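Everything below concerns the one structure shown next.
Quick caveat: nothing in here was measured; it's all calculated off a predicted structure. Note on naming: letters A, B, ... go to the chains in the order of the sequence lines (proteins, then strands), and numbering restarts at 1 for each one.
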Amino acid sequence: MDNGASSYRRFRDDGDENGLIDIIKQYRDGLIFYINSYVRNIQIAEEIAEDVFVLLATKKPRDKGGSSFKTWLYTIAHNLAINRLKQMARRREISYDSCGELTDEEAQMERSYIREEQKIALHHAIQKLKPEYRQIIWLVYFEGFSNKEASLIMKKSVHNIETLIYRARKALKQQLEKEKFHYEEY
Amino acid sequence: MKNIDETVHTVFDRMEQYQVHQRKRKKVILSTAVSLSIVCIIGAFGIAFGNAPVQPDKSANILASAPLSTSPVTDPPVTEPTVAEPTENHVPQEKPVNNNMIVMNQMTSLPEADYFALFTNDFVSMTKQEMLEYYGINVFATVPDDLALKSEQHFGIYRRENGTGDIYHDTNDIVFANADSTRGFGISVAKGRYPYSFVPLWESISEMSTINGVSVGIGQLPDGSYYAEFMYQNVGFRLHGVGVSVDELESMIASLIK
């Protein structure tokens, strides 16, 4: 299992469009949720996720080989999300940390991507956390990245990531307790 | 929100738009390069018939890339070509002695001149020997006895960051002329591509000549001068010969292709 690296190489080196289609199918929803943890706007998150794929399709960048394809892809998403946040802040377009209700489509996507009820509840709870906590919890608990991979994506040291995870879990626990959820340690 | 198929569709649409945009951009660059190359050759040849040296003006921030000649090209006597005057666009001339084949295409005019900018601070001067080392092959043609390399020429390349960074322009113009500047031969050279362009510029060359086994595009202008372009050992050449015969042109090109 190479997490899409061979599909990407097929597209980049051989021009096989199915390679890119496979990557889009495999990663679109996860990227949207991850990016949404930055921008707090599912439409914008969707646009940025699309930008990630368009970047792969047009620039055909080479992954540096130091990490898995998935880590590299999420790093691109992180960079594009940060860029968009800066743009939005400059234009004062929206308050991206405002907490809105899930739209029907978003809820449907959530059900289809996350599937487990418990995790869906957890996903709802993390929406109320600080952006960095949302991001790290999504990466580590929902996408299964290691601390080291998360550190590469979020451009922080592993130590910082560990601290962040500790604080995020603490905040999440409080949030879940506030919402009367039974909290279990992962 | 879009479903997966819609996202796939959008991504491929945007990819196609990007490719169309890139093609358009390439076209614009190419058309600029066409004009540029021609102005350079004309300019280079102008030097042969004038006295202005080709030297970057260090007092200026930006240098027009075309060689700095203010002298117009005088009307040189048109030497009768040794091949029969072409009646059609392409007149193949078989030369069994050296297996070269010259196909003379007719050119109606040269494209409009254009300019671009180079930063004089980025210019790194080169001697003739350094030029030969840089290009890796001989770029100084063997010319008829009455022609000589114009002494005022300055060769070199342009590197970013005040001449210390990457090379971004390495086209040089080498001009030979006779004493009274009625005959001359200008050569523009660049490494890895045609001078000022990555592709052949002269679209009306539809029939190629062969000189020493290399495909060369050759054309004659209404004023009787000759234009040629070819790639040899990863160096691009564009030449303009005024007041020279086809035989002289051929032997000068052949001296570059050994």
Side-chain angles (χ1 to χ4, degrees), chain A residues 4 7-8 10-12 15-36 39-61 73 76-77 80 100-114, chain B residues 1-36 116-119 122 157-161 164-171 190-201 203 231 234 236:
Chain A
S7 300
Y8 180 56
R10 229 167 60 226
F11 167 72
R12 189 193 62 199
D16 180 0
E17 293 184 346
N18 288 324
L20 185 63
I21 293 170
D22 289 347
I23 291 167
I24 296 172
K25 286 181 175 171
Q26 191 176 348
Y27 287 114
R28 188 193 81 138
D29 292 354
L31 281 174
I32 290 176
F33 281 125
Y34 174 58
I35 295 164
N36 195 39
V39 296
R40 300 297 297 272
N41 180 314
I42 201 77
Q43 274 78 32
I44 291 173
E46 189 186 3
E47 280 173 27
I48 297 170
E50 203 173 278
D51 289 345
V52 173
F53 299 123
V54 170
L55 189 141
L56 296 185
T58 54
K59 306 283 181 189
K60 297 181 179 172
L73 194 66
I76 296 174
L80 294 187
E101 290 298 312
L102 261 63
T103 63
D104 288 348
E105 283 175 316
E106 197 178 344
Q108 196 184 343
M109 198 171 114
E110 189 184 50
R111 277 195 299 277
S112 115
Y113 187 73
I114 303 175
Chain B
M1 275 187 72
K2 293 172 187 169
N3 62 34
I4 290 275
D5 289 338
E6 286 168 338
T7 301
V8 168
H9 189 73
T10 309
V11 169
F12 280 94
D13 268 359
R14 286 177 64 187
M15 183 173 88
E16 205 173 306
Q17 282 167 18
Y18 174 84
Q19 286 164 346
V20 168
H21 175 74
Q22 287 299 102
R23 278 197 291 272
K24 275 184 188 165
R25 201 165 154 248
K26 207 170 166 186
K27 255 185 177 175
V28 170
I29 291 168
L30 178 60
S31 62
T32 306
V34 169
S35 307
L36 183 60
F116 75 111
L118 295 168
F119 291 91
D122 293 342
I157 53 176
Y158 288 83
R159 288 176 174 276
R160 297 187 196 289
E161 295 159 26
T164 59
D166 294 339
I167 297 168
Y168 66 92
H169 182 82
D170 67 351
T171 295
K191 199 172 182 177
R193 56 178 174 78
Y194 282 89
Y196 306 109
S197 170
F198 290 91
V199 292
L201 295 179
E203 290 174 356
M231 286 291 295
N234 205 33

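- In terms of heavy atoms, A:I24 sits closest to B:I4 at O-CD1, 4.1 Å.
- With a 4.5 angstrom heavy-atom cutoff, A:E50 touches chain B via backbone and side-chain atoms both.
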Test A:F53 against B:T10 for side-chain contact (heavy atoms from CB on, under 4.5 Å), laying out the working first.
-> CA-CA 10 Å; A:F53 299 123; B:T10 309; over 6 Å; no

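- Considering NZ of B:K2 and CD of A:Q43, their distance stands at 11.0 Å, rounded to 0.5 Å.
- Summarising the local packing, NZ of A:K25 is surrounded by 12 or fewer heavy atoms from other residues, nucleotides or ligands at distances under 6.0 Å.
- In this structure, CD1 on A:I21 lies 11.5 Å from NE2 on B:H9, to the nearest 0.5 angstrom.
- Only the side chain of A:I32 comes within contact range of chain B, with at least one heavy atom under 4.5 Å from a heavy atom of that chain.
- In this structure, the ring pair (Phe, Tyr, Trp, His ring centres under 6.0 Å) partners of A:Y8, at least two apart in sequence or on a different chain, are A:F69, A:W72.
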